Every structure is written in C-alpha cells, then in structure tokens.
Colleague: 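What follows is a structure written as structure tokens; I'll ask about it next.
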Amino acid sequence: MKQISILGCGWLGLPLAKALRHKGYAIKGSTTSENKKEILESFGISHFAIALETDHTSENLPEFLKGSDILIIAIPPKLRGKNKDYSTASSNSFVKKIENLVPLIENATIDKVLFISSTAVYGDANTTISEDSAIAPVTESGKQLAQIEDIIMQNPAFKTTVLRFGGLIGPDRNPARFLAGKENVENPKAPVNLIHLDDCIGIIEKIIELDHWNTYFNAVSPYHPTREDYYIQKALEQNLVPPTFNHDIPSVGKTITSDKVLTQLHYTFSQRNL
C-alpha cells in the first residue's frame, strides 16, 4: 500500500487525508500541535505534531517522512498573528522554513512532492492567465510562494508538481459572507477565480492516480462571472445584505484558465457554478 505524508492537515489537508485514506493509501498527517491527534487517528491517519521552524527541524519530521513515496505540502504562509511569515522577519519567513525542510526530504524515501500554491503568484494582471503565463506576484504571500515553487521545482532529488489554487470555498468558507454588507467594493467587473474544496481534493487525487509530476497546474473552476454579479447573487441567496460596488475606477482582474487540468488530467469539475 502506497504511503503519503501530508504536511498540514488543516482546512484542505484533513479532508484530503480522509479522502486518500478512503482510497486505500496509508496516510501520515501533521498538525502544529497534539490537539487534532484523536481526530486524525479516528480516521486511520497517523498523527505527527510538527511546526516548521527556520533555525531547527522538528524531531518528528524524519519519522513523518519515513516510508512515504509522496509528500503533499499543504500549509499556506502565515501572514496574520504574532508569528507572521514575512520575508523581513527572517526568523519567521515561510521561505526559510521550507528551505530548512528540503534537506530532510532529500534524505527521506520521498521521491515526489506536491506543493499547494496559489494563483496569487500571477499578480494583478488584466488578462487571461494560463500555466505558460509569466508570474509577477505583488502580495507578500504570492512572492514567498513563487520563491518556494522555484526552490522545490529545481531540486533534482525528487519530482515536483505545483498546484496553484484560486480562491478556496467550501465548509467554513461561504462566498456569500465574503463581501456581504460591504460598500464601495473595488473591481466590480473583474472575473472571479474560485475553486470548491471538493474539486481541490479531486484534482489532487487525479495527479496521484495519473502520476503527473514535474509540471504546474492552475486549479480554478471554469466559471468566471463578474465579482459584482457573483457576490450580489450569493448574498441574496442567503438573505444577506448584498455589497455595493465602486464603478468610478476601471476594474482590473485576471481570468485564470485550468485547461491543463481538463486536458492532461481529464478532470471534470464537480462544482462548476460554486
């Protein structure tokens, strides 16, 4: 039975671990504390308490990686709270934490890495974006994710696939509440680029099933209404106060395509209308 280690069993990682366990994989999952140990183990997932650091490695990391063929890195940069992963705060830089992890991956049984990234690496383009488009991140998270993509993709010790998700929606991430009641919201005519948790998991399963490595995938639902149309509709559907939008400034926004997911993975989105 193939074994997979999932670094970060949070909003995405935990349901992903459960789905892969259901398919028959042996799963090792990490959280930053022991709090979720019982939850993970109740689903047959081996739990490891791991918090990435820049000056040392968790003593649990070697055992967490041991015996696994695939490592899925599903931890976003931490840009809120007192331990922010800002590049200017070297002790907490997300890039440095991943750099510290890489030697352990090289020395483990891992031969394939799936890195969960974001379409934030493309920046604020006013065009249609594919995997062949140049990246130009402007946010702190986008910049750090772009650096990490390069670090792990260029490493010859293992095969890497980078999966760039659009905005994540699903349990506890209700799109109706994102902008409900807000006023003068910018970019009313910009397209939305969202993906449901169900499709996040389905696409990851396809990558593993078809053994698709050493490449990049955008993962966004092929449904791109304007921000104004989408968020007003979602608010009204749940009897919330719809947002109002500022039309005085021209809208700017990119449309993310997921053509490679459709053509190379032969994936059909289950949540097209979000």
Side-chain angles (χ1 to χ4, degrees), residues 11-12 76-80 86 115-149 162-200 202-203 216-263 267-274:
W11 184 85
L12 168 63
K78 183 179 181 181
L79 301 181
R80 294 181 178 86
Y86 288 130
F115 179 64
I116 305 302
S117 187
S118 164
T119 56
V121 300
Y122 293 116
D124 294 328
N126 198 21
T127 186
T128 299
I129 298 291
S130 73
E131 290 87 352
D132 295 326
S133 300
I135 63 173
V138 295
T139 64
E140 180 62 30
S141 61
K143 291 175 182 178
Q144 294 208 34
L145 288 170
Q147 290 182 59
I148 294 168
E149 286 184 7
V162 170
L163 183 55
R164 295 168 176 161
F165 284 136
L168 302 172
I169 64 173
D172 301 321
R173 295 196 180 192
N174 182 346
R177 300 186 180 278
F178 287 173
L179 299 180
K182 295 187 181 298
E183 299 179 349
N184 294 315
V185 178
E186 296 181 351
N187 296 321
K189 300 306 178 184
V192 299
N193 297 282
L194 302 173
I195 184 167
H196 193 278
L197 176 62
D198 292 348
D199 286 316
C200 294
I203 291 169
Y216 298 84
F217 287 106
N218 292 338
V220 175
S221 172
Y223 171 66
H224 304 281
T226 66
R227 279 161 54 84
E228 182 175 37
D229 290 345
Y230 181 77
Y231 287 107
I232 288 177
Q233 175 190 340
K234 291 301 175 183
L236 293 174
E237 285 176 358
Q238 297 196 24
N239 296 317
L240 299 172
V241 177
T244 62
F245 288 81
N246 183 349
H247 291 267
D248 295 336
I249 302 173
S251 296
V252 176
K254 55 188 178 288
T255 299
I256 307 291
T257 67
S258 298
D259 291 346
K260 283 179 63 178
V261 165
L262 301 174
T263 60
Y267 183 77
T268 301
F269 282 83
S270 64
Q271 303 286 341
R272 294 178 67 89
N273 295 328
L274 304 173

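Heavy atoms only: backbone and side chains are in, while hydrogens, waters and symmetry mates are out. All of these numbers come straight from a predicted model, not from anything done at the bench.
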Colleague: According to the salt bridge (Lys or Arg N to Asp or Glu O under 4.0 Å) rule, which pairs have a member within residues 118-138, sequence neighbours left out?
Modeller: none
Colleague: List the residues meeting side-chain hydrogen bond (donor to acceptor under 3.5 Å, both in side chains) with His224, not counting sequence neighbours, and say none if there are none.
Modeller: Asn193
Colleague: So how far is it from Leu240 CG to Ile232 CD1, rounded to the nearest 0.5 Å?
Modeller: 13.0 Å
Colleague: Begin with the C-alpha distance, continue with both residues' side-chain angles, and end with the deciding distance and a verdict on side chain to side chain contact (heavy atoms under 4.5 Å, CB included) for Leu168 and Leu12.
Modeller: CA-CA 9 Å; Leu168 302 172; Leu12 168 63; 5.6 Å; no
Colleague: Ignoring hydrogens and angles, tell me if any N or O in the side chain of Thr244 forms a donor-acceptor pair with the backbone of Asn184 under 3.5 Å.
Modeller: yes
Colleague: Indicate the atoms forming the closest heavy-atom contact of Thr128 with Thr257, along with that distance.
Modeller: CG2-CG2, 3.4 Å
Colleague: Rounded to the nearest 0.5 Å, what separates atom OG in Ser117 from atom CD1 in Ile135?
Modeller: 8.5 Å
Colleague: What is the minimum heavy-atom distance between Arg164 and Tyr122, and which atoms define it?
Modeller: NH1-OH, 2.7 Å
Colleague: Stepwise, does the side chain to side chain contact (heavy atoms under 4.5 Å, CB included) test hold for Leu194 with Tyr223?
Modeller: CA-CA 8 Å; Leu194 302 173; Tyr223 171 66; over 6 Å; no
Colleague: Kindly compute the distance separating CD (Gln233) from OG1 (Thr226), expressed to the nearest 0.5 Å.
Modeller: 10.0 Å
Colleague: What's the shortest heavy-atom distance between Phe165 and Cys200, and which atoms?
Modeller: CZ-CB, 3.6 Å
Colleague: Ile129 pairs by side chain to side chain contact (heavy atoms under 4.5 Å, CB included) with which of Val121, Thr119, Ile256?
Modeller: Ile256
Colleague: Mind checking side-chain hydrogen bond (donor to acceptor under 3.5 Å, both in side chains) for Tyr267 and listing every partner two or more places apart, or none if nothing turns up?
Modeller: Asp199
Colleague: Test of understanding: with side-chain hydrogen bond (donor to acceptor under 3.5 Å, both in side chains), list the residues that count as partners of Lys254, not counting sequence neighbours.
Modeller: none
Colleague: Could you measure the distance from the NZ atom of Lys143 to the CD atom of Gln147? Nearest 0.5 Å is fine.
Modeller: 9.5 Å
Colleague: From Glu149 CD over to Ser118 OG, what is the distance, rounded to the nearest 0.5 angstrom?
Modeller: 9.0 Å
Colleague: Closest approach of Asn218 and Ser258, non-hydrogen atoms and distance?
Modeller: O-OG, 3.4 Å
Colleague: So which atom in Gly253 and which in Pro191 form the shortest heavy-atom distance, rounded to 0.1 Å?
Modeller: O-CD, 3.8 Å
Colleague: According to the salt bridge (Lys or Arg N to Asp or Glu O under 4.0 Å) rule, which pairs have a member within residues 177-193, sequence neighbours left out?
Modeller: Lys189-Glu228
Colleague: Assign the ring pair Tyr231 / Phe178 to parallel, tilted or perpendicular, where the plane angle (0 to 90°) is split at 30° and 60°.
Modeller: tilted
Colleague: For Pro250 versus Asn187, what's the shortest heavy-atom pair and its separation?
Modeller: O-OD1, 4.1 Å
Colleague: Quick one: pull up CD1 in Ile203 and CG in Asp198 and give me the separation to the nearest 0.5 Å.
Modeller: 11.0 Å
Colleague: Restricting to side-chain hydrogen bond (donor to acceptor under 3.5 Å, both in side chains), what partner residues turn up for Asn174, sequence neighbours left out?
Modeller: Gln238
Colleague: Does Leu197 reach the side chain of Pro171, with side-chain heavy atoms less than 4.5 Å apart?
Modeller: yes
